[in-house]
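I have placed the structure first, in the form of structure tokens, so that the comments after it can refer back to it.
Protein chains get the first letters and strands the later ones, always in sequence-line order, with residue 1 at the start of each.
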Amino acid sequence: MLAPTSREGRPGARPGRGPSRLLLLAAFLVLVPVALPIVSLVGTVLANLGELDSVLSWERLLELSARSVLLVATVTATALVIGTSLAWVLVRTDLPGRRLWSVAVALPLAIPSYVLALTLLAFSGPRGLFQDFAGIELPVFDGFFGAWLALSLSTFPYVFLLTAESFRSIDPSLEEAARGLGASPTRVFLTITLPQLRPALGAGALLSGLYALSDFGAVSLMRYDTFTRAIYAQYAGRLDRTPAATLSILLIVLALAFIWGEQRSRGRGELWSRTVRRPAPTHILTMLGRAGSRIWLSLVVVTGVVLPACVLVAWVARGVAAGSIVEFDWGALGGTLLVSALAATVATVFAIPVAILTVRHPGRIATWVDRLVGVTYSLPHITVALAVLVFTLAWLRPLYQGIGVLVVAYAAVFLSQAAGAATSALRTVNPNLEEASRGLGHSSAATLVRVTLPLIWRGLLAGAALVFLTTVKELPITLLLRPTGLDTLAVRVWSAAGELFYANAAMSALLLVLVSVIPAYLLVIKPRAVRA
Amino acid sequence: MSGFISWQDVDRAFGDSKALARFTLDVDEGAILCLVGPSGCGKTTALRVLAGFDRPDAGRVEIRGRTVVDGSSFVPPERRSVGMVFQDYALFPHLTVEANIRYGLGPTQRNRVGEVLELTGLEGMGDRMPHELSGGEQQRVALARALAPRPDAILLDEPFSNLDASLRDRMRREVRRILNDAGTTAVLVTHDQEEALAVADTVAIMRSGTVLQVGTPTEVYQRPADPWVAGFLGDSVGLTGHVAGGKVSTVLGSFLYRGPLEGPVEVMVRPEWIEPTPDEGGDVTVVDREFYGHDQMLELELPGGTRIISRVGPRPGFRPGDVVRLKVSEAVVFPPE
């Protein structure tokens with residue numbers, strides 16, 4: 001049976017009636033924590049507008065901006081090159097073992113950037129593993145180089161997954177038409193394939209750029225001064241929150257400018273993906289091409305997956321041998337699992353009214369709810385953390401340093417993931433089913449519990465798992481908002497690595513990766529892996 | 001002597017299914033050849049092998065006397081000088097109409113864009129984007145783009161199947177005119193026999209990877225090579241007959257026959273070859289009538305109970321129950337199955 005279509009042509013919309021008051025109230029309650037960070041930051045800055053110039057010098061601001069922009073530009077470019085080249089080799093050529101390779105190159109998704117940073121630091125330098133094994137002292141991979149490497153390795157899998165999908169959906173007759181018009185394979189790639197990839201490349205650039213701009217863990221371990229690190233320094237060094245809030249606003253402006261720039265650069269042409277009847281033509285690699293592809297893939301997998309794993313294991317072994325890891329404090333693991341499970345639950349509950357509003361009552365309210373959820377999701381976490389902190393101290397003092405604030409902050413930021421999953425699940429539910437239930441005498445609440453939720457629970461679960469995975473890896477919000485005494489693996493890795501206790505940091509990092517690798521594989525990598 | 005384009009004993013299999021089996025066909029220079037057959041008969045594969053998008057397992061393909069593929073050599077598509085018009089047009093969605101057409105041209109051939117825009121009736125549309133065009137206009141752009149580099153041949157893969165019925169007839173005439181004006185050799189693939197007969201100079205009927213018959217539209221329609229071709233190309237009445245002494249006799253009467261067959265045969269008659277005349281003394285009864293305006297189909301019952309169909313002009317006097325006399329102008333004789 002087909003879902004009826006509303007005038008707007010959106011599947012699953014319920015025509016006629018507007019949203020009920022109960023639904024609007026629920027959506028409003030959800031939106032309060034979502035909207036709060038932005039409102040609170042703007043409020044703080046506006047309240048202290050007079051003192052701004054005394055806070056930070058222009059030179060310092062320019063320097064921070066330049067460093068942040070440099071990092072964003074280089075990381076984005078690197079991620080685009082790595083991700084796109086891998087996607088081409090694994091989707092459009094006949095290289096054997098493509099499926100296995102595609103899983104391997106996507107695995108860095110399960111490794112947070114600060115863990116990658118930790119492994120690079122623990123590998124290089126005077127106390128590094130490389131010196132242990134090779135006897136040669138590598139220069140420390142820190143500063144700009146270290147931050148660039150760690151963030152590029154963390155972000156290229158997003159570009160890879162996006163462009164691989166895009167390579168698969170390009171209409172093959174476009175490339176054939178170009179060949180037929182006399183274009184060489186190289187010209188076809190540059191003038192036809194690449195423009196078709198543009199949306200995927202744009203989305204990939206946006207993701208990796210925002211990631212680099214917002215990243216706190218890797219740049220602070222690498223001691224590379226960007227906005228996020230400066231915000232944290234201001235926060236940690238002063239009682240007055242105004243400078244940190246001001247920097248946060250600037251960082252948000254930078255992020256929004258980046259999003260705006262990406263949207264402006266879109267061309268006039270429409271890019272449509274048709275239902276592809278034939279698979280795209282496969283490029284037959286020469287012997288040399290095969291060898292080159294294998295070397296490139298191996299280089300990426302070794303640097304992004306094998307090396308980090310080996311470094312962590314080796315440092316744990318070192319720590320055990322040296323007696324510095326005598327027994328592991330399981331509290332951090334418990335803390336991570338607890339806060340992540342709570343965040344996943346709360347985000348999922350929040351997602352239900354948002355999804356019902358978006359799917360069943362599309363319109364202006366739903367559009368704005370959607371936008372707000374999206375904007376909060378793309379805010380740098382350090383700014384959200386700071387905003388929530390400032391707000392709690394000012395208005396909700398009794399809740400300060402409570403686990404409730406931490407969990408609601410996670411849920412507000414990651415609501416986008418949960419709501420996305422809930423929305424697509426709800427779109428598949430025929431609204432007639434709900435109306436039939438109402439007609440049979442059940443209230444809307446009873447219908448939700450007895451009809452809708454049983455039909456969408458799988459989608460909700462997938463969304464919850466995604467929030468869980470993201471929370472496990474999250475660092476700045478955890479760092480600023482956690483209750484005293486609550487330890488998580490992320491905080492452990494960060495503080496131990498900051499104090500150069502690599503063995504302890506490695507132990508926590510290893511657990512962290514093990515906790516996130518299974519959901520990352522099941523939720524993100526497996527569904528998108530290249531079909532051989 | 002092979003043709004301007006020629007496929008010679010081309011084989012191509014996909015897994016167990018043979019798309020082309022010793023496929024052999026020649027196309028004359030400047031002609032429009034329609035490759036027609038039911039879906040899955042291998043006609044699109046023949047086109048893709050010619051364009052270089054698919055490589056045959058065996059055989060040889062020549063364009064303008066040059067071997068483009070055989071067992072040892074393969075000319076890539078960009079060096080074959082054939083223009084392809086795809087079923088979905090495959091217009092580059094990120095380029096304007098003009099940039100689409102210019103895509104296959106060198107820097108010195110810029111004025112060619114204006115020429116083909118005019119040839120295809122697209123003057124003034126050069127700045128549009130493909131998604132801003134109607135289906136018919138998109139098709140013209142696809143054709144203009146393919147024609148622009150003056151290729152040796154234009155290949156069209158089911159070019160009219162994405163158009164609605166009213167537009168289809170117009171575009172058929174239009175495409176035929178454009179191809180004739182351009183003087184290009186063209187190979188058009190279709191599953192629609194009416195389209196093939198209307199557009200082609202030469203029709204090649206294909207089934208299961210091989211060519212069954214090649215000829216002008218009139219030849220293949222009037223003198224089909226076998227009963228399957230006869231039925232594929234249009235309505236037909238199949239009868240049994242017997243040849244003896246230079247004559248073939250059927251329930252519709254006897255016809256002169258000059259051919260090698262003797263004894264039992266199959267006889268095919270087109271409905272329009274059967275001409276009924278109202279006659280009180282006739283022995284054939286009108287059973288049913290479908291009136292189309294420009295003509296009408298009659299279902300007739302012969303004395304022995306056999307029912308046949310006849311196509312006649314919109315003349316009155318053929319109501320069900322009326323009695324008529326028949327005159328049959330032509331018949332085609334096949335060996336028995």
Over 12 non-hydrogen atoms of neighbours within 6.0 angstrom of [atom1] in [X]:
X	atom1	answer
B:Glu118	CD	no
B:Arg170	CZ	no
B:Arg177	CZ	yes
A:Ile365	CD1	no

Of all the heavy-atom pairs spanning A:Ser184 and B:Glu78, show the shortest one and how long it is.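 So the minimum-distance heavy-atom pair works out to CA-OE2, 3.9 Å.
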Show the nearest heavy-atom pair for residues B:Pro93 and A:Leu174, with the distance to one decimal. CD-CD1, 3.8 Å
Considering only residues two or more places apart or on different chains, which pairs with a residue in residues 95-124 of chain B satisfy ring pair (Phe, Tyr, Trp, His ring centres under 6.0 Å)?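 Output for this query lists B:Phe92-B:Tyr103.
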4.5 Å side-chain heavy-atom contact, A:Arg179 and B:Pro76: yes
Tell me whether B:His94 contacts the main-chain N or O of A:Thr191 through its side chain, where contact means a donor paired with an acceptor under 3.5 Å. yes
So which residues of residues 144-160 of chain B are in contact with chain A at a heavy-atom cut-off of under 4.5 Å?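 So the qualifying residues are B:Arg145, B:Ala146, B:Pro149.
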Distance from A:Ser173 atom OG to B:Tyr89 atom OH, nearest 0.5 Å?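 Reported to 0.5 Å precision, the distance equals 12.0 Å.
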Could you have a look at B:Gly83, B:Pro77, B:Gly104, B:Gly52 and say which one has the most heavy-atom pairs with chain A under 4.5 angstrom?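 Going by pairs under 4.5 Å, I would pick B:Pro77.
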